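Working notes for the structure below.
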Protein chains: 4
Amino acid sequence: MPDASRRNEQSRRAILDAALGLLAGTGYAKLTIEAIAARAGVGKQTIYRWWPGKGAVILDALAENATAVTLPDTGDIEADLREVVRATVAEFADPRQSATTRALTAETLADDALGDQVRDRLLRPQLVAVRDRLDKAQRAGQIRDGADLDHAVELIFGPIFHRWLLRTGPLTRRYADGLVDHVLAALR
Amino acid sequence: MPDASRRNEQSRRAILDAALGLLAGTGYAKLTIEAIAARAGVGKQTIYRWWPGKGAVILDALAENATAVTLPDTGDIEADLREVVRATVAEFADPRQSATTRALTAETLADDALGDQVRDRLLRPQLVAVRDRLDKAQRAGQIRDGADLDHAVELIFGPIFHRWLLRTGPLTRRYADGLVDHVLAALR
Amino acid sequence: MPDASRRNEQSRRAILDAALGLLAGTGYAKLTIEAIAARAGVGKQTIYRWWPGKGAVILDALAENATAVTLPDTGDIEADLREVVRATVAEFADPRQSATTRALTAETLADDALGDQVRDRLLRPQLVAVRDRLDKAQRAGQIRDGADLDHAVELIFGPIFHRWLLRTGPLTRRYADGLVDHVLAALR
Amino acid sequence: MPDASRRNEQSRRAILDAALGLLAGTGYAKLTIEAIAARAGVGKQTIYRWWPGKGAVILDALAENATAVTLPDTGDIEADLREVVRATVAEFADPRQSATTRALTAETLADDALGDQVRDRLLRPQLVAVRDRLDKAQRAGQIRDGADLDHAVELIFGPIFHRWLLRTGPLTRRYADGLVDHVLAALR
DNA sequence: TTATAAGCGAGACGGTACGTCACGTCTTGGA
DNA sequence: TCCAAGACGTGACGTACCGTCTCGCTTATAA
């Protein structure tokens, strides 16, 4: 309904920055629409005009700052995979980053539309990048022909996600390496 | 502080039932302490006296109804695993059950103590049961000696959890079977 | 500040009509500047450019439609007074007209400038007309010389206004006649 | 709906005091429910629980402090009437008191239930007191038998109210005396 | 066998945030 | 330059729940 062409870019940035600031600073608990509006020096209505809720604001804030995904490609799928899995595990292990991601994940569980957005805008690009790398490896004969690569990607990230979200075990480099071993055992 | 021996069992049941009823009926949105108290015909204080928050109430309600875990054991690890994975996938695919579990999972993301409880009381028994079955298979030589069985369990449930929670794909019997194939490829 | 010579007459009419329409239709509650602008198909600024507030708009709208005051003059002050008092009482008794007048009166209580306008443009002409008729009667010897005619006019309209605004009693023809009797008793 | 027996008297007083304080201090403009709640150190809901709106709060605050009405009774109706009319006119002429009364009156114009309350609890006692005094005078032969005393009371207060509310003239002692003269001329 | 203390239902309380409404100002693009 | 359209900062609205509290009323030990 609102006319996006007349949108105030300054306010948009201020809101996104305020959201990130509160997220990093005082944590997810302080993340109310009112607090964002106050910190951004903006009317609440200006937030409600453009976003359906706080989850959507955070998503936009994170998506705005999300860097393009680049995967290593040395030709050696094991080495490349090991690097990306180690990095992913380290990222989830970082308390700062983890807190934000947990909060956003919680939000997606209560709001399907938001969940779709998070999946498609934040998550999917990562998964696709890995899938493409695996595809190349498969064509190079490093992965057996029968392997379903979509399953393979989930075989990698699923356990990490599971362990991180449910805290069933430590997220260490050793864990990352063990995971890679199992996954490659399944794919070769 | 409160004297558990004088606790009113009728109220306890009414609260748990009300929580389950609201969860199933009107959904997680209606799940406020006030709503539970009203539906149970109970004072709010009676809830706060015995539980720290609504997450704990739901947990108790679910734990009360949780059935003991029993795994098939035909001696054929592939067949047994296929059955348990199929059942798990089907359970997550069921919208009714899924909604409740999603809501509870969301709650655990905001409350670490609750998360620990959920993991230890609801989740761990399931994982341990599978781990024990895998252990037996390993001792029977159906699984290679080097395989880390804790990793193996996560290799099974991680992808399902990932796909279910992030809705990255359908939860079908075909998916379950493909997953088992990959996992067994990693373990044999 | 604005250049009145370039004013759009169509918009002016549309605004005034919209104000009257909303007043009559959905009542005073719906009488916001935004609603008037929307109904008139006019930008809010066009209203703020030419009027200081909604009270002024209503005033203009009513003043536009106000009919010239004409008093009967049969030579018999009692008969003439009875007619005008009956008419006034009937007017105040009419729910439709009453609602609008009440709303406008409420507005004047919060805005002195508007109150002055209402008094001078809507009310005064009526009072002066009666005063003039009384003056003629006084010169004709139908009213005693000592009587202060300004007081006399208020002696007539004050009680009606009081009864109407505070709803202390019914506004009937019988009441009108009783009032005339008392007033004439004071003036003869 | 709320159970009045459990009402917190301290909060009730604090709210009423806050309302009066804001009314006297910063004026009617600052008289929002939020401001009252803040000044009283009370939750907004506690106001909404017991009053339908700010008009009702003010009414209660004023009614609480309203002193019992006592009229002079020297036996001389003219002297007594002159005193009460002078006092009434002086009261209306006082800017402080006038502002509050105007604001409350405005409120009653938009809320019939409130209007009824104001009339019955604040206004009526005053009018009845005067009416009773007139009644005594009528029985003493100081007022003619035919005079309708309800009309007579309105004949006194109507013009004052009219002049005060519409600001058609000054509210002076001279005006009060002139009014008394006219009214007595009508009643004798 | 009573008193006395706990749990209990009910719900008032001080708060916080919600999402909405209208205010009056400001900006944009078309006539 | 005026206009329609409507985004903006502001601030109050009335509502929903939070978690704490106080009130009488059972109900079940313990003097």
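All chains are named by letter (A, B, ...) in the order of the sequence lines, taking the proteins before the strands, and each is independently numbered beginning at 1. What you see is a predicted model, and the numbers here were worked out from it, not measured in a lab.
- Counting any heavy atom pair closer than 4.0 Å across all strands shown, W50(C) reaches sugar-phosphate atoms only and no base atom.
- If you take CD of E9(A) and P of dT27(E), they are 17 Å apart, rounded to a whole angstrom.
- In this structure, N8(D) places its CG atom 13 Å from C1' of dG11(E), rounding to the nearest Å.
- When all heavy atoms are compared, the tightest approach of L31(A) to K54(A) is O-CD, 3.1 Å.
- Within 4.0 Å of R7(B), counting heavy atoms only, lie sugar-phosphate atoms of the nucleic acid but no base atom.
- Among all heavy-atom pairs drawn from L104(D) and G55(D), the shortest one is CD1-O, 4.1 Å.
- Mapping T32(D) and Y48(B) onto DNA chain F via the closest heavy atom, the residue that lands nearer the 5' end is T32(D).
- Looking at every heavy atom in both residues, K30(C) comes nearest to L22(C) through O-CD1, 4.3 Å.
- For the pair R49(B) CZ and dA10(E) P, the interatomic distance rounds to 14 Å; values are reported in whole Å.
- Residue-to-nucleotide proximity on DNA chain F shows that, of P52(D) and G53(B), the 5′-proximal contact is made by P52(D).
- Between the P atom of dA16(F) and the CD1 atom of I47(D) lies a distance of 18 Å, rounded to the nearest Å.
- Taking a cutoff of 4.0 Å between a charged side-chain nitrogen and a carboxylate oxygen, R119(A) and D112(A) do not qualify as a salt bridge.
- For the segment residues 34-42 of chain D, the set of residues with a heavy atom within less than 4.0 Å of an atom of DNA chain E comprises G41(D), V42(D), in numerical order.
- Between the side chain of K44(C) and the base of dG24(E), a donor-acceptor pair under 3.5 Å is found.
- D3(B) places its CG atom 11 Å from the C1' atom of dA28(F), with the value rounded to the nearest Å.
- Contact between R13(B) and D17(B) at its shortest, heavy atoms only, is NH2-OD1, 2.5 Å.
- The interatomic distance linking I15(C) (CD1) with dA4(F) (C1') rounds to 11 Å, in whole Å.
- Considering only side-chain N and O atoms, S11(C) lies under 4.0 angstrom from the phosphate OP1 or OP2 of dA4(F).
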What's touching nucleotides 22-24 of chain F from the protein side, N or O pairs under 3.5 Å?
from: dT22(F); atom 1: O2; to: R6(D); atom 2: NH2; distance (Å): 3.1

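- Atom CD in Q10(B) sits roughly 13 Å away from atom C1' in dT26(F) (whole-Å rounding).
- Scanning both residues, A19(A) and I36(A), for their nearest heavy atoms gives CB-CD1, 4.2 Å.
- Among the nucleotides dC13(E), dA7(F), dG24(E), the one closest to the side chain of I33(C) is dG24(E).
- Within the cation-pi definition used here (under 6.0 Å to the ring centroid, within 45° of the axis), R12(A) does not qualify as a partner of W51(A).
- Across every non-hydrogen atom of D3(B) and W50(B), the tightest pair is O-CH2, 3.7 Å.
- Separating the CH2 atom of W51(A) from the P atom of dC18(E) is a distance of 15 Å, rounded to the nearest angstrom.
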